[in-house]
Participant: 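Please find one structure pasted underneath; my questions will follow.
Just so it is clear: chains get the letters A, B, ... in the order the sequence lines come, proteins before strands, and each one is counted from 1.
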Protein chains: 2
Amino acid sequence: MKNASPRPAASQPAQRPAARATNLPSRRPRGLKTRRAILRQAVNIASLEGLEGLSIGKLAATLRISKSGLFAHFGSKEDLQCAVVDQARDIFVEKVIRPAAQLRGLPLLRALCENWLCYGEQKTFPGGCFFSAASLEFDDRPGRVRERIVGLMKKWLGNLEHAARDAQSAGEIRKDVDVRQLAFEIQALAMGGNWSSRLFRDQNAFRSARAAILQRIDQVATPAQSRK
Amino acid sequence: MKNASPRPAASQPAQRPAARATNLPSRRPRGLKTRRAILRQAVNIASLEGLEGLSIGKLAATLRISKSGLFAHFGSKEDLQCAVVDQARDIFVEKVIRPAAQLRGLPLLRALCENWLCYGEQKTFPGGCFFSAASLEFDDRPGRVRERIVGLMKKWLGNLEHAARDAQSAGEIRKDVDVRQLAFEIQALAMGGNWSSRLFRDQNAFRSARAAILQRIDQVATPAQSRK
DNA sequence: GAGATAATAGCACGACCGTTCGTTCTATTA
DNA sequence: TAATAGAACGAACGGTCGTGCTATTATCTC
């Protein structure tokens with residue numbers, strides 16, 4: 001009870017404890033394990049229902065733990081949402097970025113695109129690309145969650161752009177190509193594949209996206225590099 | 001949401017009153033005017049908060065009418081959502097499709113693209129393209145709303161495809177072009193512009209989308225038709 | 001005018017939301 | 001063995017949600 005009115009005689013007037021959990025990130029193994037199990041489930045639900053539609057009560061119910069027990073791991077819904085975004089980022093990095101980590105230039109760019117398409121195709125998240133959904137859901141909601149998503153998306157586009165620029169330096173992509181524009185187009189086409197796949201339950205959606213992206217890359221590649 | 005169980009213990013056994021309003025579409029002018037005012041506001045809120053985040057209470061409050069008074073116009077939230085989708089469709093048709101109605105072939109295709117980009121650029125909806133948001137929000141929610149959105153998006157893609165096919169017949173677009181694929185790419189690039197514009201508050205987003213689309217069209221156009 | 005009917009308001013409901021609280025269980029540590 | 005701290009619990013809070021009933025008001029027809 002933190003109502004101000006029915007408390008005429010109390011020793012503490014106006015202290016703000018706010019989120020009292022997870023400031024010390026709970027070194028004990030039990031809590032960490034539970035937290036991981038929560039996030040594993042939460043990221044799946046959030047990809048289907050959205051980050052706002054992800055409710056603490058339902059999440060706790062599917063995990064068969066109490067709502068308050070779950071809540072204590074995060075301290076606020078916003079913290080939970082941030083943690084879910086981080087979890088999704090980890091999965092994305094694992095599936096898309098890390099497998100191509102040793103490549104550079106055009107091969108890196110090609111691998112990032114192909115990995116993204118596989119990440120979408122293989123239903124890494126049951127509700128489709130987590131970030132496509134989250135970034136459209138939160139593009140009008142100021143706060144930490146939005147900032148986190150914006151940061152991640154900028155970083156991802158930056159990765160594409162950087163790979164393309166390296167490819168340019170290596171003579172694999174023509175010098176007159178706007179690599180920023182190229183990254184934008186690749187991202188748009190990939191997300192378009194996700195969109196079509198989800199909305200129309202279209203099996204060929206990612207095939208279309210792949211064809212478009214490969215064609216675009218071939219266009220900008222120098223003659224020696226095109227056609228794989 | 002999936003309510004469907006607001007009837008725990010009552011005298012009525014299993015009758016389905018469902019939507020008791022708006023079956024007869026209320027010929028009287030007063031109700032229609034109010035209904036239009038509701039939808040005009042609702043479509044703006046929904047573009048910002050989503051169709052599920054659009055709440056009847058808040059909508060009524062911003063219109064300064066009672067919740068139940070508003071509710072009576074629709075009979076259920078799902079009906080309201082459907083009406084909002086229809087309203088958004090009307091606005092879309094007015095802004096994007098009708099101004100190009102007298103064109104055919106490649107000029108029609110170009111006009112549809114340009115009108116779409118203007119529709120996005122000019123903030124026709126305060127939350128960005130209504131259908132980009134709605135189709136990603138409802139791609140996992142079965143029901144009438146989803147079906148409506150799917151139908152509209154198919155129709156829109158069909159419009160693009162049909163214009164491209166006409167252009168092919170007229171010799172404006174090369175015969176070897178997959179017009180379905182072309183429509184997909186245009187739509188993906190346009191939605192990518194909307195995405196970048198919303199998420200990054202990027203003024204140049206639609207410029208990038210326009211450049212990509214124009215370039216793509218020039219690629220498929222026969223030599224006589226390219227460069228405008 | 002009176003009466004019918006459409007439009008709106010008032011009010012209450014059950015469900016669920018995020019959040020807080022005090023308590024209990026459990027495992028490590030002194 | 002006793003003390004301690006983390007983890008999980010159950011109950012409850014104030015709010016808001018969609019929805020349903022009932023009463024009031026406005027408009028139109030006679």
Participant: Measure the distance from NZ on A:K33 to P on D:dA8 and round it to the nearest whole Å.
Facilitator: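 Checked: the NZ to P distance equals 10 Å.
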Participant: Just compare C:dC17, C:dT8, C:dA9 and give me whichever is closest to any side-chain atom of B:I65.
Facilitator: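 When the side chain of B:I65 is considered, C:dA9 is the closest of C:dC17, C:dT8, C:dA9.
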Participant: Once you round it to whole Å, what is the distance between P of D:dC17 and CG of B:L80?
Facilitator: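 Answer to the nearest Å: 13 Å.
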Participant: Rounded to whole angstroms, how far apart are CD on A:Q81 and C1' on C:dC17?
Facilitator: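 Distance check: A:Q81 CD to C:dC17 C1' gives 13 Å.
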Participant: The criterion is side-chain hydrogen bond (donor to acceptor under 3.5 Å, both in side chains); which residues satisfy it with A:E52, sequence neighbours excluded?
Facilitator: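 If we apply the side-chain hydrogen bond (donor to acceptor under 3.5 Å, both in side chains) test to A:E52, skipping adjacent residues, the hits are A:Q81.
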Participant: Please give, in whole Å, the distance from D:dG6 C1' to A:R35 CZ?
Facilitator: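 Going from A:R35 (CZ) to D:dG6 (C1'), I get 15 Å.
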Participant: Please report the shortest heavy-atom distance between A:S47 and A:G127, naming the atom on each side.
Facilitator: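 The answer is OG-N, 2.8 Å.
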Participant: List the atom pairs, donor and acceptor, that lie under 3.5 Å between side-chain atoms in residues 53-69 of chain B and the rest of the protein, sequence neighbours left out.
Facilitator:
unit_1, atom_1, unit_2, atom_2, d
B:S55, OG, B:K58, N, 3.1
B:T62, OG1, B:L59, O, 3.0
B:S66, OG, B:G69, N, 2.9

Participant: Just compare D:dG20, D:dG10, C:dT8 and give me whichever is closest to any side-chain atom of A:S68.
Facilitator: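 My answer, after comparing the listed nucleotides, is D:dG10.
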Participant: Write down the distance between CZ (B:F74) and C1' (C:dT8), rounded to a whole number of angstrom.
Facilitator: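 Spelled out: CZ on B:F74 to C1' on C:dT8 is 14 Å.
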Participant: Residues of residues 48-56 of chain A with any non-hydrogen atom less than 4.0 angstrom from an atom of DNA chain C: list those, numerically ordered, please.
Facilitator: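 Residues of residues 48-56 of chain A under 4.0 Å from DNA chain C: A:L54, A:S55, A:I56.
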Participant: What's the CG-C1' distance between A:L70 and C:dC17, to the nearest Å?
Facilitator: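 Distance check: A:L70 CG to C:dC17 C1' gives 14 Å.
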Participant: What's the verdict on side chain to side chain donor-acceptor pair (under 3.5 Å) for A:S132 and A:W195, showing C-alpha distance, side-chain angles and the deciding distance?
Facilitator: CA-CA 8 Å; A:S132 296; A:W195 172 79; over 6 Å; no
Participant: Who pairs with A:R148 by salt bridge (charged side-chain N to carboxylate O under 4.0 Å, His left out), at least two apart in sequence or on another chain?
Facilitator: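 A:R148: salt bridge (charged side-chain N to carboxylate O under 4.0 Å, His left out) contacts with A:D86.
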Participant: Look at A:H73 and D:dG6 and indicate whether a side-chain polar atom (N or O) is within less than 4.0 Å of OP1 or OP2.
Facilitator: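 No, no such contact exists.
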Participant: Side chain of A:K77 only, please: which of C:dG18, C:dA9, C:dT8 is the nearest?
Facilitator: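 Closest nucleotide to the A:K77 side chain: C:dG18.
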Participant: Just how far, in rounded Å, is P of D:dC17 from CD of B:E78?
Facilitator: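 After rounding, the reported distance stands at 19 Å.
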Participant: The side chain of B:F71 is closest to which nucleotide in this list: D:dA8, C:dT8, D:dG20?
Facilitator: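 Nearest nucleotide to the side chain: D:dG20.
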Participant: Identify each donor-acceptor pair in which a side-chain atom of residues 94-102 of chain B lies under 3.5 Å from a protein atom, sequence neighbours left out, and give them as a table.
Facilitator:
unit_1, atom_1, unit_2, atom_2, d
B:E94, OE2, B:R98, NH2, 2.9

Participant: Whole-Å distance between C:dT8 P and B:I38 CD1?
Facilitator: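 Distance check: B:I38 CD1 to C:dT8 P gives 7 Å.
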Participant: Taking only residues two or more places apart in sequence, or in another chain, which ones meet B:T124 in a side-chain hydrogen bond (donor to acceptor under 3.5 Å, both in side chains)?
Facilitator: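 Testing B:T124 for side-chain hydrogen bond (donor to acceptor under 3.5 Å, both in side chains), a comparison that skips the adjacent residues, returns none.
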Participant: Output the single nucleotide from C:dG18, D:dA8, D:dG18 whose closest atom is nearest the side chain of A:K67.
Facilitator: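 Closest of the options to the side chain of A:K67: C:dG18.
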